[in-house]
Protein chains: 2
Amino acid sequence: MKKYRDIGFKLTPQRIAVLEYLENNKEHPSAETVYSNVSKKFPTMSFATVYNTLAALRDRGYLLELTIDADKRRYDPNIHPHHHLICKVCKKIIDIPTEYMLQIPEHLRGGFEITGNHIEFYGVCPECKQQRAT
Amino acid sequence: MKKYRDIGFKLTPQRIAVLEYLENNKEHPSAETVYSNVSKKFPTMSFATVYNTLAALRDRGYLLELTIDADKRRYDPNIHPHHHLICKVCKKIIDIPTEYMLQIPEHLRGGFEITGNHIEFYGVCPECKQQRAT
DNA sequence: GTTACTGCAAAGCTTTTGCATCCCT
DNA sequence: AGGGATGCAAAAGCTTTGCAGTAAC
């Protein structure tokens, strides 16, 4: 936690609760999900504080904001380069920590300076596949 | 246009205007952009009709709904498999029609049935790169 | 004639903002 | 003490919906 304070990130009890909830979290939660979980232990917590905290962490590079879900933004505390596998039915997201070497053919690059990439794999998870078969 | 009618898609003047606007459109427009362009020639056009039409085309597989932009959904009439290169500054999106062979290691697949993938390449376009230098 | 689309306005969600108060450093 | 965070409520965007009227098939 010290690293946050060191860069001038003020550690309030609310922020610590959010940080603890996110730590090692693999669910790629939405702000709403973060709010409802954190406010269990912290009833006075407000939505605005969750949004502010998530935005502050994102701006400082401690949190990725995923635009995978059209309905809401989801957050990923894993900031190491990785990709995602998404269930089209239940929107579950799992991490794919594989590195792929992807080159864009020169004639398609359009003079862009490439800084990164992100692969979304789509599919149906075992649980949803079984429910469909029913 | 006949193909739409053949599957029970009712062709109204408003829908034809939307279809004509989208045809060969490479700008990946948002619903707002579609609306403002189509309503130039069709002043009585309503937002709801644009949304309904886009959703109907999407549901029938004639239009891709992109979740690349966190702020709004964008639409892509190019339904052939392809990827995207996105300018992080101005959010311009250009098509990358290259095919990449991407395999997910078995132990990471989690029993998913994989149905497809989509790569987002990130970068800065020449125009934005120049403005930054200034 | 049916069925389904249009247009308008209102409502629904997610996310952002203003502002007074409070508290971490 | 000072700067920044909190909490509340209101507002702002984007998208969806209900419903009466209308047009495509």
Side-chain angles (χ1 to χ4, degrees), chain A residues 1-22 28-60 62-75 91, chain B residues 1-22 28-60 62-75 91:
Chain A
M1 292 278 164
K2 186 171 174 300
K3 64 177 176 183
Y4 297 111
R5 199 163 4 220
D6 287 349
I7 57 157
F9 187 75
K10 202 174 275 187
L11 284 176
T12 65
Q14 293 87 340
R15 287 182 163 189
I16 291 171
V18 170
L19 286 168
E20 284 176 350
Y21 175 70
L22 290 176
H28 309 82
S30 65
E32 163 67 38
T33 304
V34 175
Y35 171 72
S36 63
N37 279 280
V38 172
S39 58
K40 280 178 198 160
K41 293 192 175 179
F42 232 105
T44 70
M45 175 68 114
S46 82
F47 256 120
T49 298
V50 171
Y51 274 101
N52 289 340
T53 301
L54 295 176
L57 291 170
R58 181 242 289 142
D59 291 344
R60 288 170 170 80
Y62 291 120
L63 192 61
L64 294 179
E65 192 170 72
L66 305 181
T67 55
I68 279 174
D69 187 333
D71 295 329
K72 53 179 85 91
R73 300 180 189 184
R74 296 178 63 161
Y75 294 88
K91 304 214 171 150
Chain B
M1 292 279 164
K2 187 171 173 299
K3 65 178 176 184
Y4 296 111
R5 199 164 3 219
D6 287 350
I7 58 157
F9 187 75
K10 205 173 271 187
L11 283 177
T12 65
Q14 292 87 339
R15 288 183 162 190
I16 292 170
V18 170
L19 287 168
E20 284 176 350
Y21 175 70
L22 290 176
H28 309 82
S30 65
E32 163 67 37
T33 305
V34 174
Y35 171 74
S36 65
N37 279 280
V38 172
S39 58
K40 280 178 198 163
K41 291 193 176 178
F42 232 105
T44 71
M45 176 67 112
S46 83
F47 256 119
T49 298
V50 171
Y51 274 103
N52 289 340
T53 301
L54 294 175
L57 290 171
R58 181 243 288 143
D59 291 344
R60 289 171 169 80
Y62 291 121
L63 192 61
L64 294 180
E65 193 171 71
L66 305 180
T67 56
I68 280 174
D69 186 334
D71 295 329
K72 52 179 87 90
R73 301 181 189 182
R74 297 178 61 162
Y75 294 88
K91 306 215 171 149

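A, B, ... follow the sequence lines: proteins, then strands. Residue 1 opens every chain.
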Inter-residue atom distance A:Ser36.OG - A:Tyr21.OH, 0.5 Å rounding: 7.0 Å

To the nearest angstrom, how far is B:Tyr4 atom OH from C:dC5 atom P? 15 Å

Could you give all pairs that pass the ring pair (Phe, Tyr, Trp, His ring centres under 6.0 Å) test and reach residues 30-52 of chain A, with sequence neighbours left out? A:Tyr35-A:Phe47

Can you tell me how far the NZ atom of A:Lys72 sits from the OG1 atom of A:Thr33, to the nearest 0.5 Å? 6.5 Å

For B:Glu65 and A:Arg15, find the nucleotide of DNA chain D closest to each by heavy atoms; which residue's nucleotide sits nearer the 5' end? A:Arg15

Mind checking whether B:Val18 and B:Met45 have side chains closer than 4.5 Å, heavy atoms only? yes

Measure from NZ or CZ of A:Arg15 to the centre of the six-membered ring of A:Phe9 and say whether it is under 6.0 Å with the direction within 45° of the ring axis. yes

Run the side-chain contact (heavy atoms from CB on, under 4.5 Å) test on B:Thr53 and B:Thr12 for me, step by step, so that the C-alpha distance in whole Å, both residues' side-chain angles and the decisive distance to 0.1 Å come before the verdict. CA-CA 10 Å; B:Thr53 301; B:Thr12 65; over 6 Å; no

Pull out every residue in residues 33-42 of chain B that has a heavy atom closer than 4.0 Å to any atom of DNA chain D, ordered by number, or say none. none

Can you tell me how far CZ of A:Arg74 sits from OG1 of A:Thr67, rounded to the nearest 0.5 angstrom? 12.0 Å

To the closest 0.5 Å, what do you measure between CD (A:Glu32) and CZ (A:Arg73)? 15.0 Å

Minimum heavy-atom distance between B:Gly8 and B:Arg60, given as atom pair plus value: O-NH2, 4.1 Å

Given protein heavy atoms under 4.0 Å, the one-letter contact record of nucleotides 19-25 of chain C, with B base, S sugar-phosphate only and - none, is simply -----BS

First and last nucleotide of DNA chain D in contact with chain A, 5' to 3', at under 4.0 Å to a heavy atom: what are they? D:dG3 to D:dC8

Residue pairs meeting salt bridge (Lys or Arg N to Asp or Glu O under 4.0 Å), one or both in residues 2-14 of chain B, sequence neighbours left out, come to B:Lys2-B:Asp6

Categorize A:Ser30 for me: base, sugar-phosphate, or nothing, with a 4.0 angstrom heavy-atom threshold over every strand shown. nothing

OH/B:Tyr75 to CG/B:Leu22 distance, rounded to the nearest 0.5 angstrom? 10.5 Å

Quick check for you: to the nearest 0.5 Å, what is the distance between B:Asn52 atom CG and B:Asp59 atom CG? 10.5 Å

Of residues 45-57 of chain B, the positions that come close to DNA chain D - non-hydrogen atoms, cut-off under 4.0 Å: B:Ala48, B:Tyr51, B:Asn52

I need the minimum non-hydrogen distance between A:Val50 and A:Ala31, along with the two atoms involved. CG1-O, 3.8 Å

